K.L.:
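Take this structure first; my questions come after.
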Amino acid sequence: MTIPSDKDALTPMMQQYFSVRNSLPDDTVLLFRLGDFYELFYRDAEVASSILDITLTRRQNYPMAGIPYHAAENYIGRLLAAGKKVAICEQVENPALAKGIVKRKLTRILTPGTTMEDSQVDARHQHYILSFFTDKRGIHASWLDLTTGTFCIASAIELFDMLAIFHALRPREILVPEMAFDSWKEIVAREHHGAYAQLLNFVETCPYTRIPEYHFEPAFAVKMILETLGVLNLQGFGISLDNPSLCPAGALLQYVTETLCSKPENLRKLTEYNPKNRLLIDPATQRNLEIFRSTQGARDGSLIAAMDATVTSQGARLLENFLSNIVLDLPEILRRQNCVGHFLDNPGMLHELRETLRTVRDMERILSRLENHLCYPREIGAIRDTVNVLPEIHRLLKEFSGEEIEQLKQRIGHFDDLRELFAKALSDTVSGKIEDGGIIRDGYDERLDYLRGLTSDSKNWIANMQQKEIERTGIRSLKIKYNNAFGYFIEVSKSNLSLVPEDYIRRQTTVNGERFYTAELKEKEKEILSAEQKIQEREQTLFDLLTKQVLEHVDGLRSTAQTLCEMDVFCGWAKLAREWNYVKPIIDGSDVIEIRQGRHPVVEMMISRQALGLSNTFSFVPNDTVLASSEEQIALLTGPNMAGKSTYIRQVALIAYMAHVGAWVPAASCRLGLIDRIFSRVGASDELSRGNSTFMVEMNETANILNNATAKSLIILDEIGRGTSTYDGMSIAWAVAEYLHDAFPEGGPKTLFATHYHELTQLEKSLPRLCNYSVLVKEWNDEIIFLRQVVRGAADRSYGIQVARLAGLPQTVINRAKVLLAELEGDSTNSNVSVMTGAEKQKTAVTSENKRKVDATAGEPEASREKQLKQQTPIGKLEVRHLPTPDNEKSQLELF
Ligand code: ADP
Ligand code: MG
């Protein structure tokens with residue numbers, strides 16, 4: 001913003017305003033404190049009035065708007081939500097005592113990624129700000145969560161891997177180096193679908209700020225980091241000073257320091273993120289498996305929602321952290337599993353412990369605010385309340401046994417001295433702001449007690465005066481009142497004005513009467529206000545002292561807070577495990593995934609919710625899974641639409657995922673070796689919502705899988721190739737399956753491959769590590785019944801018409817389709833239907849005759865395949881030998 005040309009004409013206050021305003025970028029709105037209001041001027045006033053719907057006024061020709069100080073939090077939140085940054089300029093001296101113009105100072109700039117105020121951060125989510133740059137070695141990034149003090153770097157990481165990490169972090173704000181950012185844009189303009197396009201797309205879906213390149217200078221960055229962490233080098237963190245990701249880390253710190261208007265005080269540790277010991281889940285897979293959000297975009301229906309039985313917001317946050325940052329650390333996984341086990345052993349006490357945890361407050365974030373001088377009195381109250389439940393938590397923990405519980409207990413402090421201090425110093429209910437008073441308990445501080453005595457005496461004095469004046473003047477309705485603008489005054493209604501005595505001095509006329517004061521009242525007012533001022537100052541001093549004493553325990557309090565979060569997550573998992581019959585998975589160094597009676601954690605919950613009140617025949621059908629890199633590496637799953645293919649292959653991935661997080665899983669038993677990545681692709685038409693170039697995206701991501709999968713990966717492919725013409729799609733799917741098999745002669749990535757291309761079942765003959773599976777359906781009087789049971793062997797046909805009928809297609813259409821199908825089937829017996837075999841590998845083997853036929857039946861290409869498959873696998877020959885499912889097997893088979 002520019003200063004008006006006649007600068008000298010500005011009042012001293014407006015000159016002060018402009019000196020602050022001009023130090024800020026244009027996208028920032030400045031709130032300028034004037035008494036009980038934050039005022040906005042010029043463009044800021046216009047912007048704010050349209051976002052906040054507040055009145056725009058004019059003062060000496062410039063626009064102006066104001067928001068009341070006490071309601072500022074709400075308004076600030078709305079400005080932030082509208083994508084604005086909000087700078088706050090406060091009065092830093094008492095206006096009553098100021099000589100000349102009141103001193104003011106920029107105290108804070110709130111931005112989406114650096115706010116830490118309670119009302120502006122989502123209690124249940126992590127709150128990261130992220131920065132990065134790229135060079136030949138890859139991408140170098142840094143991210144930090146100011147609300148918890150988490151500070152990480154990751155260097156020289158491949159772009160696709162980094163995208164996986166970024167997506168899981170879900171930052172609130174991103175800082176990009178401005179020149180580099182422009183050059184990425186140029187790259188993307190040339191090649192639309194590469195990793196840079198995804199990167200740019202990712203940045204642009206988040207609020208981002210362009211930062212000058214020099215903030216990324218190594219020397220500048222290192223200085224910034226060492227100063228902020230208060231260390232001489234980074235050896236203690238195992239990080240060398242030439243680590244390239246220190247550059248974005250430095251840029252972040254510079255930015256955060258500017259927005260806090262002082263150095264962040266709660267960053268103690270820098271952690272290097274190593275993707276090699278992480279289970280990486282790329283963005284498409286996170287979406288497909290609905291880890292953090294369902295396909296509809298809601299948390300409800302996602303895996304995290306199904307795994308979340310936490311009772312505190314910080315517990316929910318830790319769960320999010322566990323899911324977004326899976327460390328392949330067997331001892332840690334076992335520790336988590338065992339904690340769940342111990343909590344599960346004592347259900348009665350588990351319930352009580354969870355109820356007690358419910359009362360625990362968000363100490364982790366409060367401590368961060370405390371360290372950055374952003375803490376309100378009520379938050380000290382929250383620390384007091386939390387410290388007060390610790391003895392009860394220790395008592396309850398004694399009811400659980402196990403080494404891991406013992407370790408948890410040791411990390412939860414007792415803080416007897418703090419508890420004592422709080423009991424003496426803090427009032428029972430602590431209000432939001434110092435100005436509201438009443439924070440410090442009576443009897444804690446002699447001077448405060450004395451001052452409080454003075455004001456309460458004075459207030460009595462005012463009450464007496466009112467009585468006296470009523471008697472003196474005979475005005476029965478006379479009142480002595482107070483407001484911030486005029487102080488104490490005597491209010492007389494219109495009808496009584498004739499009775500007003502000589503010595504009353506007129507102050508203001510209102511609609512209903514007039515307001516007066518007397519010399520005596522003014523004198524008393526001064527006394528009261530100065531006492532109140534002194535009380536506030538004294539309370540502030542005492543509160544600061546108390547804060548300091550709390551901060552002496554900050555490390556102990558923080559690790560206690562973190563341990564309470566862990567307990568919350570584990571207790572939640574124990575509750576879920578009991579409720580839904582989960583088991584502790586066995587994780588080892590093997591190359592297998594063996595699941596007995598596995599279920600889909602989300603679908604199972606959904607079905608049982610729907611079934612509430614209905615008969616219990618409507619329940620989730622469990623299925624077994626056996627995969628091994630070197631034996632049954634690829635499970636090729638066929639079956640009609642709606643049979644349950646997608647659900648089944650996802651359930652295997654989700655169970656593996658949950659196991660790596662350290663949770664228990666929905667199965668009767670489960671054993672698996674550590675996995676390095678989970679990949680998943682869904683055929684384009686299953687993901688229509690994602691825009692038009694879906695086939696390109698699908699292929700891009702399939703390429704990513706083929707290039708990055710290892711023998712330790714798990715791959716879920718659902719109807720790939722669907723986004724293009726039948727033969728193209730089938731050929732691609734075929735070649736992908738072969739590649740996943742042949743590129744890994746010693747044993748490849750464990751793969752679940754659901755497809756509606758029944759031709760692919762032929763692969764079983766040529767690929768020894770590929771096995772056919774199908775989902776059973778029962779045909780009954782021209783209708784089908786879905787049995788949801790996965791069995792060994794290929795599906796016989798696709799039952800498209802029956803499914804269409806279930807979907808409610810009119811009977812005439814169904815009848816006509818049947819006729820057509822019969823015709824086509826008759827037709828195809830004569831034609832030379834080409835079924836790809838191992839001998840024809842690499843060739844897509846599409847005869848022109850077939851091509852013509854498919855074209856002719858466009859819209860129902862499945863029909864032409866029906867016949868072929870019928871010939872291959874008559875339904876009676878389905879094998880069920882491989883997957884014994886004791887309870888289901890019998891009953892299901894009897895149906896046939
Ligand atoms: P497909 O991919 O074969 O078309 P889906 O996996 O989408 O089929 O499943 C269709 C529906 O069947 C799902 O919405 C789900 O509610 C139900 N379903 C799937 N698997 C099971 C199961 N094992 N038990 C009960 N219902 C299931
Ligand atoms: Mg499906």
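As the structure is a prediction and not an experimental result, all values here were calculated from the model. Remember, it's 1-based here, ligands and their atoms both numbered in the order they're listed.
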K.L.:
Rounded to the nearest 0.5 Å, what separation is found between the CG atom of L163 and the CG atom of N201?
P.N.:
9.5 Å
K.L.:
Which atoms of ligand 1 sit under 4.0 Å from any heavy atom of N641?
P.N.:
4 (O)
K.L.:
Show the atoms of ligand 1 that are less than 4.0 angstrom away from any heavy atom in P640.
P.N.:
3 (O)
K.L.:
Scan V775, V621, T625 and name whichever one has a side-chain contact (heavy atoms from CB on, under 4.5 Å) with Y648.
P.N.:
T625
K.L.:
Measure from NZ or CZ of R170 to the centre of the six-membered ring of F292, then state whether that distance is under 6.0 Å and the direction lies within 45° of the axis.
P.N.:
yes
K.L.:
Could you tell me whether some N/O pair between N623 and ligand 1 is separated by less than 3.5 angstrom?
P.N.:
no
K.L.:
Of all the non-hydrogen atoms in the protein, which one sits nearest to atom 6 (O) of ligand 1, and at what distance?
P.N.:
T647 OG1, 2.6 Å
K.L.:
Does some non-hydrogen atom of G639 fall short of 4.0 Å from ligand 1?
P.N.:
no
K.L.:
Salt bridge check: are D591 and K712 linked by an N-O gap of less than 4.0 Å?
P.N.:
no
K.L.:
Determine whether the side chains of T638 and N772 contain a donor N or O and an acceptor N or O closer than 3.5 Å.
P.N.:
no
K.L.:
Report the nearest protein non-hydrogen atom to atom 4 (O) of ligand 1: residue, atom name, distance rounded to 0.1 Å.
P.N.:
M642 N, 2.6 Å
K.L.:
Does the side chain of E759 come under 3.5 Å of the side chain of Y727 through a donor N or O and an acceptor N or O?
P.N.:
no
K.L.:
Is there an N/O/S atom in S646 at a distance below 2.8 Å from the Mg ion (ligand 2)?
P.N.:
yes
K.L.:
List every atom of ligand 1 that sits less than 4.0 Å from any heavy atom of I607, numbering the atoms from 1 in the order shown and giving each element.
P.N.:
25 (C), 26 (N)
K.L.:
Throw together a table of side-chain donor-acceptor distances under 3.5 angstrom for residues 663-673, partners on residues two or more places apart or in other chains.
P.N.:
residue : atom : partner : partner atom : Å
W664    : NE1  : Q337    : O            : 3.1
R671    : NH1  : D588    : OD2          : 2.8

K.L.:
State whether D282 and R677 are salt-bridged, where the test is any N-O pair (Lys NZ or Arg NE/NH1/NH2 against Asp/Glu carboxylate O) under 4.0 Å.
P.N.:
no
K.L.:
How far is atom 21 (C) of ligand 1 from its nearest protein heavy atom, and which residue and atom is that?
P.N.:
R788 CD, 3.3 Å
K.L.:
What part of P622 sits under 4.0 Å from ligand 1 if we count only heavy atoms: the side chain, the backbone, both or neither?
P.N.:
neither
K.L.:
Which pairs with one or both residues in residues 296-305 pass salt bridge (Lys or Arg N to Asp or Glu O under 4.0 Å), sequence neighbours excluded?
P.N.:
R299-D308
K.L.:
How far is atom 24 (N) of ligand 1 from the closest protein heavy atom, and which atom is that?
P.N.:
V621 N, 2.9 Å
K.L.:
Any protein heavy atom under 4.0 Å from atom 14 (O) of ligand 1?
P.N.:
no
K.L.:
If you draw the axis of the six-membered ring of F620, does the NZ or CZ of R599 fall within 45° of it and under 6.0 Å from the ring centre?
P.N.:
no
K.L.:
For atom 8 (O) of ligand 1, what is the closest protein heavy atom, and at what distance to 0.1 Å?
P.N.:
G644 N, 3.0 Å
K.L.:
Considering only protein heavy atoms, which is closest to atom 2 (O) of ligand 1, and at what distance to one decimal place?
P.N.:
S646 OG, 2.7 Å
K.L.:
Of all the non-hydrogen atoms in the protein, which one sits nearest to atom 16 (O) of ligand 1, and at what distance?
P.N.:
V603 CG1, 4.0 Å
